[in-house]
Amino acid sequence: MIIGILAIQGSVIEHKKILDNIGIRNIYVKDFDSIKKVDGIIIPGGESTTITKILRKKKLDEYIKENELPTFGTCAGAIVMSKEIIGMNQYCMGLIDMKIQRNAYGRQRESFETEIDIKGIGKFWGVFIRAPIIREVGKGVEVLSTHENNPVLVRQKYHLAATFHPELTDDARIHKLFIEMIR
Ligand code: GLN
């Protein structure tokens, strides 16, 4: 199995470190040639507008959808995977049936860390950086964790999205979950 890490911008190296630590083969995905080699792809945190722009320009979004490539998005990655970005006319891929609001925690709490509880995993350290809030999920979406009643880790079919940054901890359990989902 090879996992691709979308290497446009953001926490790319951090995802690589986690996959390396658990011995999962991984490559950076920047174009069509590289995406063809992977069994699943990670969309890192960063700036969703920048990530979206390049993703579309290179038609990688179409490849992911057409090939039903399992996708794991963190923070900005989760935004890119959503079905609707509330209050903004911003393109998103609709991989997970959810409505999301960008930068939704407000200025004073832009970034914070807190312990969350994840179904099947247990306690996990959640690092939230200018995080979005998932405001609505469809019936087919499984909520694996919430914070203040809002979903922060969700799964639909073979897609997984976190509004926080598991790649900024050294805890690989959510990455392992994604690997299991692909298998
Ligand atoms: N605020 C960013 C956005 O809206 C996401 C931040 C992040 O990925 N840490 O795209």
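Ligands are counted one by one from 1 in listed order, and the atoms in each one are counted from 1 as well. When reading the values below, keep in mind they use all heavy atoms of this one structure, side chains included, and skip hydrogens, waters and symmetry mates.
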Once you round to the nearest 0.5 Å, how far does CD1 of I3 lie from CG of D39?
-> 6.5 Å
Can you list the ligand 1 atoms lying under 4.0 Å from a non-hydrogen atom of S48?
-> 3 (C), 4 (O), 10 (O)
Does the ring centre of F164 sit less than 6.0 Å away from the ring centre of H147?
-> no
Over all atoms of both residues, closest heavy-atom pair of D31 and S34 | OD1-OG, 2.7 Å
Is there a path from L69 to I182 through hydrophobic residues (I, L, V, M, F, W, Y) whose side chains come within less than 4.5 Å of each other?
-> no
So which pairs with a foot in residues 44-63 pass salt bridge (charged side-chain N to carboxylate O under 4.0 Å, His left out), sequence neighbours left out?
-> E47-R102
Nearest heavy atom to atom 8 (O) of ligand 1 wins, so pick from A131, G46, P44.
-> G46
Counting from 1, what ligand 1 atoms have a heavy atom of I79 closer than 4.0 Å?
-> 3 (C), 4 (O), 10 (O)
Against heavy atoms of I129, which atoms of ligand 1 measure under 4.0 Å?
-> 6 (C), 7 (C), 9 (N)
Atom 4 (O) of ligand 1 [closest protein heavy-atom partner, distance rounded to 0.1 Å] = R102 NE, 2.6 Å
Considering only protein heavy atoms, which is closest to atom 1 (N) of ligand 1, and at what distance to one decimal place?
-> N103 OD1, 2.6 Å
Salt bridge (charged side-chain N to carboxylate O under 4.0 Å, His left out): which pairs involve residues 71-93, sequence neighbours left out?
-> K83-D97, E84-K99
Of the protein's non-hydrogen atoms, which lies at the shortest distance from atom 7 (C) of ligand 1, and what is that distance?
-> C75 SG, 2.9 Å
Lys/Arg cation over aromatic Y105: R109, 6.0 Å, 45° cone | no
Under a 4.0 Å heavy-atom limit, does T74 contact ligand 1 with its side chain, its backbone, both, or neither?
-> neither
Pick one of side chain, backbone, both or neither for how E47 approaches ligand 1, counting any non-hydrogen atom pair under 4.0 Å.
-> both
Counting each atom of ligand 1 from 1 as listed, which ones have a heavy atom of G45 under 4.0 Å away?
-> 8 (O)
